[in-house]
Amino acid sequence: MKPENQPELYIISSSPHTHEGSSVERIMLDVLIALAPAFAASLYFFKLDALRLTGTCVATCLIAEWLCRKAMKRESSIRDLSAVVTGVLLAFNLPPSLPTWMAVAGSLFAITICKQIFGGLGYNVFNPALAARAFMLISFTGAMTHWSSSDWAASLASGAADAATGATPLGLIKEAVKTGASIPHFSTATIMKLASGNINGCLGETSALALLLGGAYLLYRKVITWHIPTAYIGTVFIYACILHMVSPATSALPHMHLLSGGLIIGAFFMATDMVTSPVTKKGMLIFGVGCGIITMLIRTVKTGSYPEGVSFAILLMNAITPLINRGCRNRVFGTKS
Amino acid sequence: MQTIKSPYNFRGGIHPAYNKKLSNGSAIESLPLPAVLSVPMSQHLGAPAKPCVKVGDEVKKGTLIGAQNGFISAPIHSPASGKVKVITDVATASGRPCQAIVIECDESNETEFLPPIENWQKSDKDDLLTRIGETGIVGMGGAGFPTKVKLSPPMDKPIDTVIINGAECEPYLTSDHRMMVEHAKEIRIGAEIIRSILGAKTLRIAIEDNKPDAIKAIEDAFQDIEGDVAIAVLHTVYPQGSEKQQIYAVTGREVPSGGLPMDVGCVVENTSTTFAIYEAVIKGLPLMQRVITVTGDAVQKPANLLAPFGTSYQDLIDACGGFTEDKPAKVISGGPMMGFAVSSLETPTGKTSSGLLLLSKKRVSQYSSQACIACGRCVEACPMNLIPSELSQFIEAEDIEGAEEIALMNCIECGSCAFVCPAHRPLVQHMRRGKAAVMAKRMAANAKG
Amino acid sequence: MEYILLIVSAVLVNNFVLSRFLGICPFLGVSKKIHTAMGMCGAVIFVMTVASAVTWCLQKFLLEPFGLDKFLQTLTFILVIASLVQLIDIVMKRFVPPLHAALGIFLPLITTNCAVLGVAVINMKEGFGFFKSVLFGFSAALGFSLALIIFTGLREKIDRADPPRCFKGIAIALVTAGLLSLAFMGFNGLVK
Amino acid sequence: MDNIILQSFAWIGLLGLIIGASLAVAAKYLAVKEDPRIGEVNELLPAANCGGCGYAGCAEYAKAIVMDHAEINLCAPGGTDCMNAIAAFMGVRATATEKMTAIVLCCGDDEVAKRRFAYNGINDCAAAHATAGGDKACTWGCLGYGSCARVCPVNAIRIEKGIAKVDKTLCIACEKCIAVCPRHLIKLVPAAAEIHVLCSSKDKGPAVKKACSTGCIGCRLCTKFGDEGAFVMDGFLAKVDYSIPITKEEVIEKCPAKCIVKD
């Protein structure tokens with residue numbers, strides 16, 4: 001748009017001349033506000049590591065964003081806060097013990113390769129934070145799956161896994177499935193810990209309660225709609241229930257699947273990423289169901305490499321979002337079917 | 001005669017801040033006759049009228065000064081007595097230059113009206129239609145489609161329902177609202193004339209539920225009317241006044257894509273148009289003036305003014321006490337959702353000028369060239385169930401065929417999508433551009449074939 | 001069950017394009033419009049299935065009995081595949097000219113498409129029987145089609161994107177393909 | 001050893017023979033008739049696929065040349081060389097074409113031309129033009145939103161101070177910019193011509209003056225002081241007749257509006 005060289009002139013634009021007042025910045029700000037409880041929880045459980053990684057990711061993302069826009073000779077997009085959101089989400093998907101330089105590498109990958117190379121916010125086809133996490137998972141497999149031991153593992157009733165090595169609940173389950181051992185049994189106390197977040201896992205994904213609080217805020221602010229989270233979590237739950245009914249010995253309890261791992265953060269914050277999810281309600285439901293099925297496939301098939309499937313599931317569904325959009329258009333007013 | 005709550009509601013739509021309080025309590029006032037009127041020859045859809053007076057000619061109030069020029073066109077009459085000063089080009093609200101007859105008004109107030117049709121119930125339907133045609137009545141809601149043409153549907157499209165559109169869903173505007181409150185009786189006669197011309201069984205007066213006083217006034221005026229007549233109270237949601245959406249809300253019928261209201265046996269007339277029909281038939285008055293709402297946060301005293309066509313915006317603003325301290329940043333002819341921004345206060349009013357909206361800087365939302373973030377809010381808001389986000393991206397990428405395939409031509413340009421777009425994308429402008437490109441392509445194809 | 005696993009493996013886990021990186025040329029070349037992509041999918045499915053069958057017969061009845069399979073396998077396969085594609089080219093040009101025009105150079109290029117040769121060679125290496133070979137060829141082609149169609153959807157989106165000038169076109173498409181392949185790694189190990 | 005080599009030869013030879021024969025049969029029975037010259041003409045074209053000739057790409061143009069005897073001088077990027085080659089191949093006479101270049105007939109940049117309002121909308125000339133008639137006070141002048149620059153296949157157009165400028169050395173005269181300009185300001189002129197009237201306003205002098213200080217006011221001085229017939233009046237607008245060479249460069253000085261420009 002042109003700078004106004006004669007400011008006393010009336011503004012002319014196409015209709016409409018009024019606006020409800022929403023903005024991309026406000027949406028991003030809402031997402032950040034919604035992530036605040038989870039951040040508080042991670043600060044509480046992971047102490048300085050949470051601060052270190054989140055700070056690194058956010059700072060790197062912002063710098064990378066600024067540099068990219070500069071290099072492309074385009075208007076800076078720092079102010080839309082999307083880089084901050086990417087940084088926070090990426091950090092929340094990293095294990096607390098990850099070296100700082102790896103977080104920097106991941107953030108750079110997220111902003112440059114996954115976002116700005118496509119032209120910036122709105123043009124990217126994959127969720128930058130998730131794509132970066134997938135990239136890190138493959139590049140730094142060891143560091144990305146290393147969990148420091150914490151007291152929660154000791155409280156496991158059955159000693160199927162070596163508590164000292166430390167693992168995520170899903171990691172333990174996967175290990176049991178692979179080796180054919182019986183699924184570790186988790187006590188009610190453990191499940192309470194799962195919900196509050198006092199477990200091993202990525203920075204921001206552990207505290208289901210804090211994340212649900214944030215999700216509720218997003219729903220209240222109408223930043224997201226209920227379709228994707230409900231379809232996603234619902235599918236995972238039903239899938240897990242069926243699995244558990246078919247063979248209780250070799251599958252975890254359904255609520256384990258819901259509360260552990262990145263399901264909640266994925267369903268409320270990552271799968272609902274507007275740019276990479278469908279635009280129609282019908283499309284959103286399909287998207288959510290697809291995410292759920294792929295997540296459970298990756299989590300529960302014996303030979304699968306990963307104990308956790310949320311990132312990959314959402315990435316894969318991101319990939320077919322254009323196809324979903326194409327297939328799920330609404331019936332145009334005044335036309336049949 | 002009954003009042004029914006509309007059981008249907010179209011999907012989508014938005015709830016903008018209506019800001020109708022600014023002017024909905026102000027009774028209609030007549031504007032003092034301006035010194036000069038520049039009457040545009042194109043105040044309607046279709047071919048502009050042809051001036052039939054010369055510079056220096058004396059004209060009376062009601063003298064024909066612009067002759068109808070073609071089937072889809074309308075004649076134009078002098079709104080005041082005076083002398084033709086000059087015939088020149090002026091910029092109309094749409095920004096396009098158009099021929100206008102500039103009349104220097106005098107105080108003599110001589111008139112040249114048509115004879116009243118006293119006993120319209122017994123008159124021939126064609127006489128009534130001729131009267132509507134020769135008085136230059138066009139749809140005063142905004143489109144300006146010649147009413148005579150609208151009221152002459154082909155034989156194979158029988159009309160069973162007439163809807164008088166009193167929804168006035170545009171924020172800020174109150175001219176139709178005041179019309180209903182103050183002229184309910186006249187609107188009733190106008191509506192009956194329309195009904196008898198079309199031979200329609202059913203008559204509905206559609207009013208949004210945020211205008212209880214208008215509903216009351218219409219209820220009182222229509223009390224003893226016979227036949228299938230009812231007030232349809234509609235939900236307050238924009239664009240409830242849009243023809244297709246309103247027909248759905250009132251009757252549950254969907255106008256087919258690419259079709260017209262008559263395809264589902266309906267005709268929708270605006271309340272101001274209905275009033276004009278009353279005046280033309282019963283009083284013999286040509287269409288020379290209308291009620292225009294002058295409002296917005298940049299005008300001192302918002303008002304509903306009865307102003308002759310050709311009045312400059314400056315005159316209207318002066319009559320409302322001028323600007324407030326916040327000078328207007330945007331001057332809009334019509335409402336904020338579908339009106340036109342104009343660049344000069346010299347712009348004259350016309351038959352479709354339902355409002356003059358003056359917005360200060362802080363009320364004006366600026367469009368940006370940000371990318372679509374695919375939030376899907378426009379998809380939710382679109383009353384035609386289109387996908388504005390995708391459409392605009394196709395048009396941006398010059399993929400006009402792609403846009404046409406996903407029903408671009410169904411867009412009614414109501415602006416709901418752009419209203420909710422968090423990226424502030426000029427979606428309606430994209431649609432207009434795309435539609436223009438499609439039309440150009442079709443014309444080229446027609447010329448070839 | 002074995003067959004289902006074979007299909008799942010070829011379609012998702014060891015996707016020809018996204019994890020074996022075979023057949024990249026048509027993957028990038030014909031992914032601009034969904035209709036063209038579908039046509040290409042049809043052609044590839046046909047070629048790969050038939051090629052699997054034909055090469056299996058050649059291997060079992062001609063190459064192996066004569067002891068030529070060690071060193072003439074590649075050459076023979078290429079010859080057979082090339083002529084098959086040529087045949088399809090001729091047939092398509094005659095019966096579906098618009099699709100032929102849309103596929104353009106990429107149809108003859110299936111000739112040198114490593115995916116087709118890859119299928120034939122993998123079949124022999126794994127020692128699949130006739131039915132399994134054909135099934136593998138078919139499902140590998142399905143995997144190719146899946147990747148191609150997903151990619152075409154993405155491609156239509158990134159064609160409307162606004163990358164820096166130097167990344168416009170094929171560059172950004174390759175970046176996207178890379179990210180898509182990253183996403184497919186999630187299926188890693190699901191089926192051997 | 002010999003045996004194996006011989007065997008291999010025989011084997012491949014036999015296979016090739018069988019396949020070759022069957023393909024030959026198929027080719028014969030399923031052949032589609034197509035003039036082979038189309039492909040050869042296509043080879044001669046520059047493969048720029050710019051569409052400047054009015055056909056959808058070089059292949060279509062080649063087809064039109066062979067099948068419909070289309071004019072062979074339509075390819076701007078190929079220039080005379082390409083035309084001569086096609087002429088030789090097709091056996092038709094080549095009609096000499098002059099090298100042309102596009103030029104934007106407006107010099108009312110943001111320093112000299114006024115704007116009527118502050119436009120806020122899509123960064124595209126056609127869109128701006130359709131919104132209240134465009135923001136430039138002169139309804140003929142260049143809006144400067146760069147639609148022409150975006151369609152130019154060779155990046156020959158830049159926007160400077162709010163108006164478009166064509167780089168003659170890069171322009172291939174494909175006419176894409178001409179088609180896209182909503183105000184029809186871009187014209188093809190001989191590349192050799194140096195003096196132009198950079199204004200398209202047909203308004204009367206006073207109206208032009210109000211909107212832009214470098215607009216042609218129709219004073220006719222150029223027709224008096226310039227070469228005989230080199231400047232012609234189209235209403236209130238002076239135009240250059242490019243068929244007449246201009247020698248008297250003092251017209252540039254004489255033009256009171258300074259819209260006659262040498263480049």
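Naming convention: chains lettered A, B, ... in sequence-line order (proteins, then strands); numbering from 1 in each chain.
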Between A:Ser13 and B:Lys330, a side-chain donor and acceptor under 3.5 Å: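 The criterion, which ignores hydrogens and geometry beyond distance, is satisfied for B:Lys330 and A:Ser13.
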
In terms of side-chain heavy atoms, does A:Arg329 have a donor or acceptor partner in A:Thr280 at a distance below 3.5 Å?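 Looking only at side-chain atoms, A:Thr280 and A:Arg329 do not form any donor-acceptor pair under 3.5 Å.
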
So with a 6.0 Å cut-off around CD of A:Glu75, is the heavy-atom count from everything else above 12?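 12 or below, so no.
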
Please report the interatomic distance CD1(A:Ile264) to CG(A:Leu212), rounded to the nearest 0.5 Å.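 Taking CD1 in A:Ile264 and CG in A:Leu212, the distance rounds to 5.0 Å.
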
Atom group of [X] that falls short of 4.5 Å from chain A, counting heavy atoms:
X	answer
B:Ile406	side chain
B:Ile14	neither
B:Cys372	backbone
B:Arg11	side chain
B:Val342	backbone
B:Ala407	side chain
B:Pro256	both
B:Ser389	side chain
B:Pro171	neither
B:Phe340	backbone

With chain A as the partner, which of [options] has the greatest number of non-hydrogen pairs under 4.5 Å?
options	answer
B:Ala329, B:Gly415, B:Gly258	B:Ala329
B:Val255, B:Leu427, B:Val379, B:Val420	B:Val420
B:Ala371, B:Gly259, B:Gly334, B:Cys414	B:Ala371
B:Arg377, B:Arg253, B:Gln429, B:Gln393	B:Arg377
B:Pro16, B:Gly376, B:Gly339	B:Gly339

Pair A:Phe109 and A:Phe135, ring centroids less than 6.0 Å apart: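 They qualify: ring centres under 6.0 Å apart.
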
Side-chain (A:Thr335) to main-chain (B:Ser257) donor-acceptor, under 3.5 angstrom: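 Answer holds: no.
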
Out of [options], which one racks up the most heavy-atom pairs below 4.5 Å with chain B?
options	answer
A:Gly21, A:Gly120, A:Ser15	A:Ser15
A:Glu25, A:Lys281, A:Arg26	A:Lys281
A:Gly122, A:Ser82, A:Ser77, A:Ser14	A:Ser14

If you apply the rule salt bridge (Lys or Arg N to Asp or Glu O under 4.0 Å), what do you find for B:Glu254 with B:Lys244, and how did you get there? CA-CA 7 Å; B:Glu254 272 187 33; B:Lys244 291 182 177 184; over 6 Å; no

Of A:Thr295, A:Thr272, A:Val289, the residue whose pairing with A:Tyr232 passes side-chain contact (heavy atoms from CB on, under 4.5 Å):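 Going through the options one by one, the only one that passes is A:Thr295.
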
Under the side-chain contact (heavy atoms from CB on, under 4.5 Å) test against B:Arg363, which residue among B:Leu357, B:Asn19, B:Asp326 passes?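 Single pass found, and it is B:Asn19.
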
Using salt bridge (Lys or Arg N to Asp or Glu O under 4.0 Å), reason through B:Lys435 and B:Glu404 one step at a time and then give a plain yes or no. CA-CA 8 Å; B:Lys435 284 164 88 172; B:Glu404 202 181 348; over 6 Å; no

Check against salt bridge (Lys or Arg N to Asp or Glu O under 4.0 Å), B:Glu398 and B:Arg433: CA-CA 10 Å; B:Glu398 308 282 339; B:Arg433 211 180 133 220; 2.8 Å; yes

Between A:Ile27 and chain B, with a heavy-atom cut-off of 4.5 Å, which part of the residue counts as in contact: side chain, backbone, both or neither?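 Contact with chain B is through the side chain of A:Ile27 alone.
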
Check the pair A:Arg326, B:Glu390 against salt bridge (Lys or Arg N to Asp or Glu O under 4.0 Å), reporting the backbone distance first and the verdict last. CA-CA 10 Å; A:Arg326 175 185 275 272; B:Glu390 210 175 342; over 6 Å; no

